[in-house]
Student: 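Dropping a structure here in structure tokens format, bear with me for questions.
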Amino acid sequence: MKTIDELLSEGVAGKRVFVRADLNVPLDGTTITDDGRIRAVLPTVKALADAGARVVVASHLGRPKGAPDPAFSLAPAAARLGELLGSDVAFATDTVGESAGATVAGLADGQVAVIENLRFNAGETSKDDAERGAFADRLAALADVYVGDGFGAVHRKHASVFDLPARLPHYAGHLIAAEVGVLRKLTDDVKRPYVVALGGAKVSDKLAVIDQLLGKADRLLIGGGMAYTFLKAKGYEIGKSLLQEDQIPAVQEYLERAEKNGVELVLPVDTLVSGEFPDLKAKAATHPTTVAADAIPADQEGLDIGPETRKLYASKLADAATVFWNGPMGVFEHPDYAEGTKAVAQALVDSPGFTVVGGGDSAAAVRTLGFDEQAFGHISTGGGASLEYLEGKTLPGLAALED
């Protein structure tokens, strides 16, 4: 895989460089609530612009239905990119149409443009190779060189991620090179003890990675909504807590395999419960109760790991040489249920080992809860991509960058 360093050494002045970024930031209307993904691509964009390239940045945002939708416009992301760069960023109001063509044609050396949301064109996500290829052809007409730096999208077989690199000289940006280097430390040359903390809502989202980790990790710590399916699989009463009943057989098999393989699979010993799910906007006090994990009342819902579980998980992380964490331990968006996620984040900060926060909600939680990002070994920009890499899958966007 060639990297941007090789591209820069070859010279890019005057060349149109297409940067497939991940600007899929959370929005409250037109206000960006977390600009982490924009900041993550800055080193690549700035290096190219400083070297005299005419930089064309492209990304998806949200899940529009293959047609323009103002709610998913990249205009706020383009404006924020300009603020972070300290220079004007041009914005094209379409992807491959008249505005994109004129905007790119108007770039001078060292200038940057953002084109509109790639998913406003059905060809971006089409499962039909010909339709995707036709869109990739039109994107290729905007550039001389391709730089892949949208790690959060490399697990998608989309036109701008998979098909476009085949049509242009292609390189990995700084972010993708860094992400792949980190993930190799979690798969190829792991320092032990290797501890993985998994949370989030659905156990089905994590089954494949758990399957792989049962042969690689020394300990698995389970939290978040997915923990209640594990507790139910052990025969515990979980009340109104989140449950994926159809996943219980798989979870029971994993519990048995963990014991057989000598992998320590740790579940919550207590949990914070409430009679109803909290209002995440009002954030009014809900006065949760702490109960044992095997004694959740029938009319209550588990919403965070309890204080004893926080201590337990911190102790299980204390001696780790390598840590991977993906998924919050509770409904961290509400202050009453943020302490479990905060405790795990703090344990990673305190850990002497190499710590990786696996993107998505975990990365958002770290920033929302006020942690210094530099206190972690690495914060990934792609939760789904990170998990699929750890599952051993071939990621289309990475395969496309290989020569």
Side-chain angles (χ1 to χ4, degrees), residues 26 196-211 220-256 258 265-314 316 325-345 347 358 360-362 364-366 368-369 383-384 387:
V196 177
L198 295 176
K202 295 181 179 180
V203 68
S204 57
D205 292 342
K206 305 291 197 304
L207 283 179
V209 76
I210 292 171
D211 184 65
L220 286 175
L221 315 180
I222 307 295
M226 63 183 284
Y228 301 103
T229 298
F230 277 84
L231 295 173
K232 185 70 172 180
K234 290 178 70 71
Y236 297 166
E237 170 61 56
I238 64 166
K240 298 193 300 181
S241 304
L242 189 63
L243 171 65
Q244 287 188 286
E245 196 159 4
D246 62 324
Q247 302 299 330
I248 287 177
V251 167
Q252 288 173 329
E253 193 271 325
Y254 287 166
L255 289 167
E256 293 168 4
L265 199 157
V266 189
L267 298 177
V269 295
D270 62 348
T271 185
L272 267 62
V273 300
S274 177
E276 59 184 67
F277 197 85
D279 185 329
L280 300 184
K281 286 198 172 181
K283 291 185 170 57
T286 62
H287 309 293
T289 304
T290 301
V291 300
D294 61 353
I296 299 174
D299 64 345
Q300 300 285 296
E301 177 178 6
L303 297 167
D304 192 18
I305 57 174
E308 293 305 314
T309 305
R310 291 175 221 150
K311 294 177 189 175
L312 173 64
Y313 285 11
K316 297 295 183 182
W325 169 35
N326 181 280
M329 296 291 108
V331 186
F332 75 92
E333 300 92 340
H334 192 285
D336 287 354
Y337 307 102
E339 292 303 316
T341 301
K342 192 181 294 185
V344 169
D361 287 340
S362 309
V366 163
T368 299
L369 297 174
L387 288 176

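Everything quoted here is computed from the prediction, not taken from an experiment. Numbers for residues simply follow the sequence, beginning at 1.
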Student: Rounded to the nearest 0.5 Å, what's the gap from CZ on Arg310 to NZ on Lys342? Could you check?
Tutor: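 Answer for the CZ-NZ pair, Arg310 versus Lys342, is 9.5 Å.
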Student: Please name the pair of heavy atoms, one in Gly275 and one in Gln300, separated by the smallest distance, quoted to 0.1 Å.
Tutor: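 Closest approach of Gly275 to Gln300, heavy atoms only: N-OE1, 3.5 Å.
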Student: Hey, is the main chain of Leu272 close enough, under 3.5 Å, to the side chain of Thr290 for a donor-acceptor pair?
Tutor: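 Here the side-chain-to-backbone pair does not exist.
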Student: If I take atom CG from residue Leu265 and atom OH from residue Tyr254, how far apart are they, to the nearest 0.5 angstrom?
Tutor: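 Rounded to the nearest 0.5 Å, the CG-OH separation comes out at 11.5 Å.
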Student: Indicate the atoms forming the closest heavy-atom contact of Lys202 with Met226, along with that distance.
Tutor: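 Here Lys202 and Met226 meet closest at C-CB, 3.9 Å.
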Student: Taking Thr271 for the side chain and Ile305 for the main chain, is one N or O donor matched with an acceptor at less than 3.5 Å?
Tutor: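 No: the side chain of Thr271 does not pair with the backbone of Ile305.
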Student: Main chain of Gly340, side chain of Tyr313: is a donor-acceptor contact present, judged purely on distance under 3.5 Å?
Tutor: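 Not a single qualifying donor-acceptor pair exists.
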Student: So, the side chain of Asp361 versus the backbone of Pro328: is there a donor-acceptor pair under 3.5 Å, distance only?
Tutor: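 No; judged by distance alone, with no hydrogens or angles, the pair does not exist.
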Student: Got a second to check how far Lys234's NZ is from Asp294's CG, nearest 0.5 Å?
Tutor: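 CG of Asp294 is found 10.0 Å from NZ of Lys234.
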Student: Do Lys232 and Ile248 pass the side chain to side chain contact (heavy atoms under 4.5 Å, CB included) test, and can you show the C-alpha distance, the side-chain angles, and the key distance before you say yes or no?
Tutor: CA-CA 8 Å; Lys232 185 70 172 180; Ile248 287 177; 3.7 Å; yes
Student: Search all heavy atoms of Ile222 against all heavy atoms of Ala227 and return the closest pair with its distance.
Tutor: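 Heavy atoms of Ile222 and Ala227 come nearest at CG2-CA, 3.8 Å.
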Student: Output the distance between atom CG (Leu243) and atom OH (Tyr228), rounded to the nearest 0.5 Å.
Tutor: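 Result: 12.0 Å between the selected atoms.
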Student: When rounded to the nearest 0.5 angstrom, what is the spacing between CG in Leu198 and CD1 in Ile210?
Tutor: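 These two atoms lie 5.5 Å from each other.
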Student: Given Val273, which of Val291, Leu303, Asp304, Ile238 fulfils the side chain to side chain contact (heavy atoms under 4.5 Å, CB included) condition?
Tutor: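 Passing option: Val291.
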Student: Return the minimal non-hydrogen interatomic distance between Ile296 and Glu237, and the atom names on each side.
Tutor: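 Nearest heavy atoms, Ile296 then Glu237: O-CG, 3.1 Å.
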Student: Using side chain to side chain donor-acceptor pair (under 3.5 Å) as the criterion, list what pairs up with Gln244, not counting sequence neighbours.
Tutor: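 Expected list: Ser204.
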Student: Which pair of heavy atoms, one from Leu255 and one from Ala233, lies closest together, and at what distance?
Tutor: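 So the minimum-distance heavy-atom pair works out to CD1-CB, 4.3 Å.
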Student: Could you tell me whether the side chain of Thr309 and the main chain of Pro268 form a donor-acceptor pair under 3.5 Å?
Tutor: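 The answer is no, because no donor-acceptor pair under 3.5 Å joins these two groups.
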Student: Only counting residues at least two apart or in another chain, list the ones meeting ring pair (Phe, Tyr, Trp, His ring centres under 6.0 Å) with Tyr337.
Tutor: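 Expected list: His334.
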Student: Determine the minimum heavy-atom distance between Gly330 and Thr341, stating which atoms define it.
Tutor: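 So the two residues come closest at N-OG1, 3.5 Å.
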Student: Test Lys316 against Leu312 for side chain to side chain contact (heavy atoms under 4.5 Å, CB included), laying out the working first.
Tutor: CA-CA 6 Å; Lys316 297 295 183 182; Leu312 173 64; 3.8 Å; yes
Student: Evaluate side chain to side chain contact (heavy atoms under 4.5 Å, CB included) for Val366 paired with Trp325, printing each intermediate quantity in order.
Tutor: CA-CA 11 Å; Val366 163; Trp325 169 35; 3.9 Å; yes
Student: With rounding to the nearest 0.5 Å, note down the distance linking CD in Gln252 to CD in Gln247.
Tutor: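 Reported value, rounded in 0.5 Å steps: 12.0 Å.
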Student: Are more than 12 heavy atoms, taken from residues, nucleotides or ligands other than Glu253, located less than 6.0 Å from that residue's CD atom?
Tutor: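 More than 12 within 6.0 Å, yes.
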